Engineer: 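For reference, the structure I am asking about is given below.
Both backbone and side-chain heavy atoms feed into the values below; hydrogens, waters and symmetry mates do not. Keep in mind the model is a prediction, meaning the values are calculated, not measured. Order of the sequence lines fixes the chain letters, A, B, ..., with proteins taken first and strands second; residue numbering starts at 1 for each chain.
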Amino acid sequence: MKPSLSLLNSNMPSGSASLIWFRKGLRIHDNPALEYASRASAFMYPLFVIDPHYMEPDPNAFSPGSTRAGISRIRFLLESLEDLDLSLKKLGSRLLVLKGEPSEVLIRCLKEWDVKKLCFEYDTDPYYQALDNKIKNYASLAGIEVFSPVSHTLFNPADIIEKNGGRPPLSYQSFLTLAGEPSWASSPLLVELSSVPPVGDVASFEISQVPTLKELGYVQNGQEELTPFRGGESEALRRLRESLSDKEWVANFEKPKGDPSAYIKPATTVLSPYLKFGCLSSRYFYQCLKDVYKNVKRHTSPPVSLVGQLLWREFFYTVAFGTPNFDKMNGNRICKQIPWNDDDELLAAWREGRTGYPWIDAIMVQLRKWGWMHHLARHCVACFLTRGDLFLHWEKGRDVFERLLIDSDWAINNGNWLWLSCSSFFYQYNRIYSPTSFGKKYDPNGNYIRLFLPILKDMPKEYIYEPWTAPLSVQNKAKCIIGRDYPKPVVSHDSASKECRRKMGEAYALNKKLNGVVSEDDLKSLRRRLDEDGGQEARGRRQRQKLIS
DNA sequence: AATACGTTGGCCCG
DNA sequence: CGGGCCAACGTATT
């Protein structure tokens, strides 16, 4: 369908079509790419590409979902797309959903729809850096204008890195000093779009509606519990208003003071999944928080305040963007080289919530069912897996989180695993979270454990954090025999954490000695030495134990 | 070279 | 529940 001449004016060249390519940024408010695409175009094609690599069911994965994403996050994404489609329809448009390898689909669309202007939000993740370069190269050869604004984050990570002489800052404080106020903050953001151009002729394309889980091939048996958090911009804005309505709460927010065991009403905003998919603009959130701060006497500050939380996100985006191999230990210049153990049995016990430590296991069950846990709960299980107890590789834990979290974000997830494993940013490896007493101080009755581990629901509170210490009569009465109905601890925290401290000390010393340049062989020989010493020490302990008894 | 400081540890004390 | 101690790291600043 060609536009009739009467519709045209000087800003609207004949038949000019733009394409807004949605990936993250699944929103109408504060969406510069959408706004630009809708300006001076006769037609606008709003496109989302369903990438089979991300969306197709993988029956071999360790949890329901695709190869890359658990089913909760896939559903969250589909809900977000549904909501976006609805919002576009209210503006007289709609979301076009196509399936296939994104660059192939996109290039075909650009050709067949004769697109003159391609708009998509700039993305710093390595996956999109590679994909977007491919698309930009094609567009420049084809003479298509590309508009790719920075709007997922408050700052452009490249700017901060440049300000710091080409390297990203490695501490939060130095990041704050460099960052200052965001450049856009002086004027209000565009949060309302009144109308957008109509969708043009879609030619030979089979456009589908936003698919359901079932249509994607997911078989739901009704057994698995999916996340209670609904996706989409509308829900994001509703949650935002709800959080902002309590001005005192916003003003006094201090992250470390939240209760990780709160599950009826989480101690934080739970806006992270909406920021991850861009259902909520981080810039709009920032603007709203500043407005609240203006109207109260005093408020908390970074790093603990709510604005501080947004800046943590920026910090990790910046370091991740400026650090080659950020998601690996090997070849990552800011990552300590540590001889982590490799033990699939222990890894599976952690992943599946059967370490025998109820606090740890309940958190892992919440991860699997809800795709979300409180920040401090994440700390506990990450510390337990790596430097605290099991001494397993942070990359393995990262993979589990990346798959199961509905808010998993490449930069933030990797950054936090580097942090918690004392591989980067944070180095006080003596500070280890106790898998028993940490949870107890927030939730002495163990309600959180009882909810996510119902097998322990009748265990008296005296034993619920350490059920293996309960007398058999108590276990019988609680209908939960340790070792049969619920596992015994896979390690003893006292000795395991001591071992971890020792190994971390040795590994740090080696990194220092070799100035951070640690080879595979260096790690191998350190691992051998640690195991020998550890073996000797353990044998010595058993010997002494014998002599005592 | 010396110093301050770091989003949120555990434990014991009063 | 706040304070002091434990044992102690690296980064950034001076």
Engineer: Roughly how far apart, to the nearest Å, are C:dA8 and B:dC5 at atom P?
Structural biologist: 22 Å

Engineer: Where do A:V381 and A:I360 come nearest, in terms of heavy atoms and distance?
Structural biologist: CG1-O, 3.7 Å

Engineer: Starting at CD1 of A:I160, measure out to OG1 of A:T318 and round the result to the nearest 0.5 Å.
Structural biologist: 5.0 Å

Engineer: Starting from Watson-Crick (N1-N3 plus N6-O4 or O6-N4) and G-U wobble pairs under 3.5 Å, report the runs of at least three that DNA chain C belongs to.
Structural biologist: B:1-6 with C:9-14, B:9-14 with C:1-6

Engineer: Could you give the distance from OG1 (A:T124) to OH (A:Y122), rounded to the nearest 0.5 Å?
Structural biologist: 6.5 Å

Engineer: Report yes or no: is the ring centroid of A:Y508 under 5.5 Å from the six-membered base ring centroid of C:dC9, with the two planes under 30 degrees?
Structural biologist: no

Engineer: In this structure, how many angstroms lie between the C1' atom of B:dG6 and the OH atom of A:Y172, rounded?
Structural biologist: 13 Å

Engineer: With C1' as the reference atom in both, quote the distance from B:dG6 to C:dA7 in angstrom, rounded to an integer.
Structural biologist: 16 Å

Engineer: Just how far, in rounded Å, is P of B:dG10 from CG of A:D494?
Structural biologist: 13 Å

Engineer: I need the CZ-P distance between A:R431 and B:dT7, as an integer number of Å.
Structural biologist: 11 Å

Engineer: Quickly work out the A:K498 NZ to C:dC6 P distance and round it to whole Å.
Structural biologist: 17 Å

Engineer: Just the rounded figure in Å: distance from P of B:dT7 to CG of A:L176.
Structural biologist: 9 Å

Engineer: Could you measure the distance from the OG atom of A:S305 to the NE2 atom of A:H299? Nearest 0.5 Å is fine.
Structural biologist: 8.0 Å

Engineer: Tell me: CG of A:N164 to P of C:dT11, nearest whole Å?
Structural biologist: 14 Å

Engineer: Could you work out which one of C:dA12, B:dT7, C:dG10 sits closest to the side chain of A:W419?
Structural biologist: B:dT7

Engineer: Please tell me which of the listed nucleotides, C:dG10, C:dA8, B:dG9, lies nearest to the side chain of A:K512?
Structural biologist: C:dG10

Engineer: The side chain of A:Q428 lies closest to which of these nucleotides: C:dG10, B:dG9, C:dC9?
Structural biologist: C:dC9

Engineer: Of all heavy-atom pairs between A:G356 and A:W468, which one has the smallest distance, and what is that distance?
Structural biologist: O-CZ3, 3.5 Å

Engineer: Given A:Y274, which of A:F285, A:F76, A:Y284, A:F229 fulfils the ring pair (Phe, Tyr, Trp, His ring centres under 6.0 Å) condition?
Structural biologist: A:F76

Engineer: For a quick check of understanding: with a heavy-atom distance under 4.0 Å over all strands, which category does A:K441 fall into, base, sugar-phosphate or nothing?
Structural biologist: sugar-phosphate

Engineer: Please tell me if A:Y427 has a side-chain N or O lying less than 4.0 Å from either OP1 or OP2 of C:dT11.
Structural biologist: yes

Engineer: Output one line per pair: protein atom, nucleotide atom from nucleotides 1-4 of chain B, and distance, for all N/O pairs under 3.5 Å.
Structural biologist:
none

Engineer: With a cut-off of less than 4.0 Å, is there a side-chain N or O of A:S171 near OP1 or OP2 of C:dG10?
Structural biologist: no

Engineer: Among B:dC11, C:dA12, B:dT7, find the nucleotide with the atom closest to the side chain of A:S437.
Structural biologist: B:dC11

Engineer: Decide whether a cation-pi geometry holds between A:K369 and A:F452; the criteria are a distance under 6.0 Å from NZ or CZ to the six-membered ring centre and an angle within 45° of the ring axis.
Structural biologist: no

Engineer: For the side chain of A:W312, counting heavy atoms from C-beta on, which of B:dT7, B:dG9, C:dC9 is nearest?
Structural biologist: B:dT7

Engineer: Roughly how many Å is it from CD1 in A:I432 to C1' in C:dC6, rounded to a whole number?
Structural biologist: 13 Å

Engineer: As a quick check of understanding, evaluate side-chain contact (heavy atoms from CB on, under 4.5 Å) for A:H29 and A:S281, giving each step before the final call.
Structural biologist: CA-CA 7 Å; A:H29 74 278; A:S281 156; 3.5 Å; yes

Engineer: Would you indicate what A:F438 reaches in the nucleic acid, counting non-hydrogen atoms under 4.0 angstrom: base, sugar-phosphate, or nothing?
Structural biologist: sugar-phosphate

Engineer: Measure from CZ on A:R387 to P on C:dC9 and round the result to the nearest Å.
Structural biologist: 15 Å

Engineer: Atom CD of A:Q366 and atom CG of A:D361: how far apart are they, to the nearest 0.5 Å?
Structural biologist: 13.0 Å

Engineer: Parallel, tilted or perpendicular: which one describes the rings of A:W340 and A:H393, with boundaries at 30° and 60°?
Structural biologist: tilted

